[in-house]
Every structure is written in structure tokens, then in C-alpha cells.
Number of protein chains: 2
Amino acid sequence: MGRLEERGYRNTGPRRAVVAAVLRHDDGFSAEDIHHEVAVAGRATVYRTVRLLLDMGIICKLALLDGKPLYSLSHAGHHHHAVCLKCGAVTDVYNCGVDSLLDNVQLVTGSKVLGHRLEVFILCPDCAATGAP
Amino acid sequence: MGRLEERGYRNTGPRRAVVAAVLRHDDGFSAEDIHHEVAVAGRATVYRTVRLLLDMGIICKLALLDGKPLYSLSHAGHHHHAVCLKCGAVTDVYNCGVDSLLDNVQLVTGSKVLGHRLEVFILCPDCAATGAP
DNA sequence: TTATCTGCAAAATGTTTGCAGCATA
DNA sequence: TATGCTGCAAACATTTTGCAGATAA
């Protein structure tokens with residue numbers, strides 16, 4: 001992950017630690033999660049670095065309804081997220097398929113569609129196997 | 001709106017004022033918006049009443065990416081929201097049309113789909129007419 | 001060397017809660 | 001009258017910011 005230097009940012013110890021912790025996550029994580037995992041970086045640095053990664057498009061932000069933002073690694077391209085409500089695992093959904101809906105919105109409301117976000121709430125196979133919540 | 005009594009809640013002055021302010025909004029609003037509009041009710045009462053309306057299904061909560069929750073009047077049935085990024089107007093989208101996508105998610109990931117949320121970001125006709133942001 | 005990054009602590013923001021008194025049913 | 005509601009203020013949780021010192025380039 002030498003992309004920091006490529007973009008003119010400095011490659012510092014705390015930043016490397018935060019990036020490493022982020023990359024370690026397959027599932028969704030919060031800024032606070034990262035802060036607990038990375039003893040070597042202060043809270044402010046964690047938040048700043050997370051925002052940096054967000055701006056760079058390395059991670060994306062999902063807003064769940066409890067108000068606490070969650071992040072997940074963003075893999076390439078346009079996609080959405082399926083979030084397991086039990087364990088918090090985040091799966092990407094690539095075949096979006098809402099374009100026809102968006103066309104319809106544009107038509108019916110007379111508005112210009114700038115973007116959209118879709119979140120699917122699931123019970124992942126592991127959690128479903130483990131039994132009820 | 002006599003639904004409060006119907007559900008065993010008391011019909012009090014501050015509550016009526018909060019409900020009236022909420023009903024006055026065609027667009028999205030935050031709890032803090034309501035607090036500013038309703039001088040007669042304290043902050044706590046506003047938050048408590050908003051949560052009451054949320055639990056009763058009178059309003060619904062949309063989570064935008066800035067982390068600040070926004071509410072909007074919920075009209076009947078399953079629907080999603082189109083939010084104007086300039087003026088904040090919220091339009092309901094009824095013909096959801098993501099069912100086939102959800103079937104696909106269920107099939108591909110082997111998960112049970114519990115629910116979903118779709119938000120469309122638009123520039124509403126009025127704002128589009130007024131010119132660029 | 002110097003602009004950027006860092007940690008700390010304080011501030012800002014948004015929401016919830018404890019409690020004593022008030023008001024509805 | 002008795003339970004539920006209210007306002008206040010304090011607590012809380014999360015994120016941002018100011019600043020002086022450290023550090024990568």
C-alpha cells in the first residue's frame with residue numbers, strides 16, 4: 001500500500017499502523033474499533049487517517065440507522081453492501097440493478113438523479129447456522 | 001392526529017406542538033430543527049416525542065452520510081426516499097423494484113435477507129431550475 | 001530545512017438520562 | 001389521585017480542532 005506517497009501524503013508510522021488495521025478487516029469497522037486496535041496512534045490521528053482513506057476511496061462509509069458510522073474496505077467499482085445484523089460482516093453486492101428504478105424516479109419526480117445508496121440487511125450463513133439471534 | 005390517545009399516550013401541549021411542527025414539514029427534518037421551531041417544548045421532550053413518532057411509524061429515519069439523522073413523514077407502506085442534496089426535500093419512492101436484486105443477494109451469498117434500505121440522491125426540479133449548487 | 005504530521009486536551013455536536021415537580025386522565 | 005410527562009441540567013458518545021513539538025522528505 002504505497003499509495004499514500006503516490007498522492008503526496010507522508011508515509012508515517014501511525015498511518016501505516018492504521019492502514020494495516022483497516023486492511024485486516026474483512027467486515028465493517030468503526031473509527032473507534034481501529035483506535036482500540038492501534039495503540040500506537042492517537043484518536044485524532046485515527047480519525048484523520050480514516051477520513052484520508054475515505055477521501056482516497058480506499059474505504060467507504062455506510063450509515064446504519066443507529067447513527068454510528070461504519071466503514072468497510074471498498075473494492076473497485078460501483079457496489080452496495082449487505083450487512084449481517086448479527087455479526088456485522090459486510091459483503092459487497094456488485095450487480096446493482098436499480099438503474100431502471102432510478103430512471104423511473106427521474107421520470108416521475110422530474111429530478112436529476114445524482115447518486116444512490118443501497119444497503120441490504122442480512123443474516124449471514126454462519127450466523128444463520130449458529131441459530132437465532 | 002388523535003393517535004396518541006388511541007395508543008394510550010397522553011395528549012399534552014408540548015407533544016401537540018412537536019407533532020404539529022413535524023406535520024408542517026414536507027421535507028426532511030432533524031430533531032434539532034423541530035427543537036428550534038417549537039419554543040414551547042424542551043430539547044428532551046422533542047427528542048422523546050420524535051422517538052415516539054418513530055416507534056409509532058408516523059415518521060421514518062433516514063441516515064445520510066454526514067452522520068446526522070434526518071426524519072421524514074412516513075406515508076403508508078414500503079418505500080424509499082429521494083433526497084435533494086441542495087434543499088433537503090424528501091420525496092417518497094414507492095415502486096421499489098429491488099426484489100430481484102435481493103433474490104440474487106440471497107442466492108449468491110447464501111444469506112437470509114432481513115431488510116433493505118435505498119436512498120436516492122437527487123437535484124429536485126426547483127433546485128435544478130435555480131441553477132447549479 | 002520546512003511543510004506536514006502527531007498527540008494531547010479542549011471544544012463542538014447531537015442525544016440520552018436522572019430527578020423533582022406538574023398535569024392529564 | 002396516581003401515573004405519566006415535562007424541563008432542566010448533567011452525562012454521554014462521537015468526532016473535530018488548536019497548538020506546540022516531532023518527523024519525513
Exercise. For the side chain of P69(A), counting heavy atoms from C-beta on, which of dT6(D), dT15(D), dT17(D) is nearest?
Worked result: dT15(D)
For this session: Starting from P on dT14(D), measure out to CG on D33(A) and report it in whole angstrom.
Result: 10 Å
Exercise. Atom CZ of R51(B) to atom P of dG4(D): distance rounded to whole Å?
Worked result: 17 Å
Exercise. Does any pair with a residue in residues 33-58 of chain B pass salt bridge (charged side-chain N to carboxylate O under 4.0 Å, His left out), and if so which ones, sequence neighbours excluded?
Worked result: E32(B)-R43(B)
Problem set entry | Whole-Å gap separating C1' (dA3(C)) and CG (N11(A)) | 16 Å
For this session: Name the closest nucleotide to the K68(B) side chain, picking from dT6(C), dT15(D), dT13(C).
Result: dT13(C)
Exercise. What nucleotide, of dA25(C), dT15(C), dT6(D), holds the atom closest to the side chain of R48(B)?
Worked result: dT6(D)
Problem set entry | DNA chain C: 5'-proximal contact among E32(B) and G13(A) (nearest heavy atom) | G13(A)
Exercise. How long is the line joining CZ of R7(A) and P of dT4(C), in whole Å?
Worked result: 17 Å
Exercise. Given that Y47(A) and P14(B) both sit by DNA chain D, which one's nearest nucleotide is further toward the 5' end?
Worked result: P14(B)
Exercise. How many Å lie between CD1 on I34(B) and P on dG14(C), as a whole number?
Worked result: 15 Å
Problem set entry | For atom CG of L70(A) and atom P of dA13(D), their distance in whole Å | 19 Å
Exercise. For the pair made of CG in L53(A) and P in dC5(C), what is the distance, rounded to whole Å?
Worked result: 13 Å
For this session: Select one nucleotide: of dT15(D), dA25(C), dT6(D), the one nearest the side-chain heavy atoms of T12(B).
Result: dT6(D)
Exercise. H78(B) and H116(B): aromatic ring centres closer than 6.0 Å?
Worked result: yes
Exercise. Given dG7(D), dC8(C), dT6(C), which nucleotide is nearest the side-chain atoms of A41(B)?
Worked result: dG7(D)
Problem set entry | Test: R7(A) and E5(A) ion pair at under 4.0 Å | no
For this session: Under 4.0 Å between any heavy atoms, over every strand shown, what does V40(B) touch: base, sugar-phosphate, or nothing? Just pick one.
Result: sugar-phosphate
Exercise. Between L73(B) and D92(B), which heavy-atom pair has the shortest distance, and what is it?
Worked result: O-OD2, 4.3 Å
Exercise. The side chain of Y9(B) lies closest to which of these nucleotides: dA25(C), dC5(D), dT13(C)?
Worked result: dC5(D)
Problem set entry | H81(A) versus T91(A), side-chain donor and acceptor atoms under 3.5 Å | no
Seminar exercise, completed: Winner on side-chain proximity to R10(A), out of dT4(C), dG7(D), dG14(C), is dT4(C)
Seminar exercise, completed: Taken to the nearest whole Å, NE2/H35(A) to P/dA13(D) is 15 Å
Problem set entry | Side-chain N or O of R43(B) closer than 4.0 Å to phosphate OP1/OP2 of dG7(D) | no
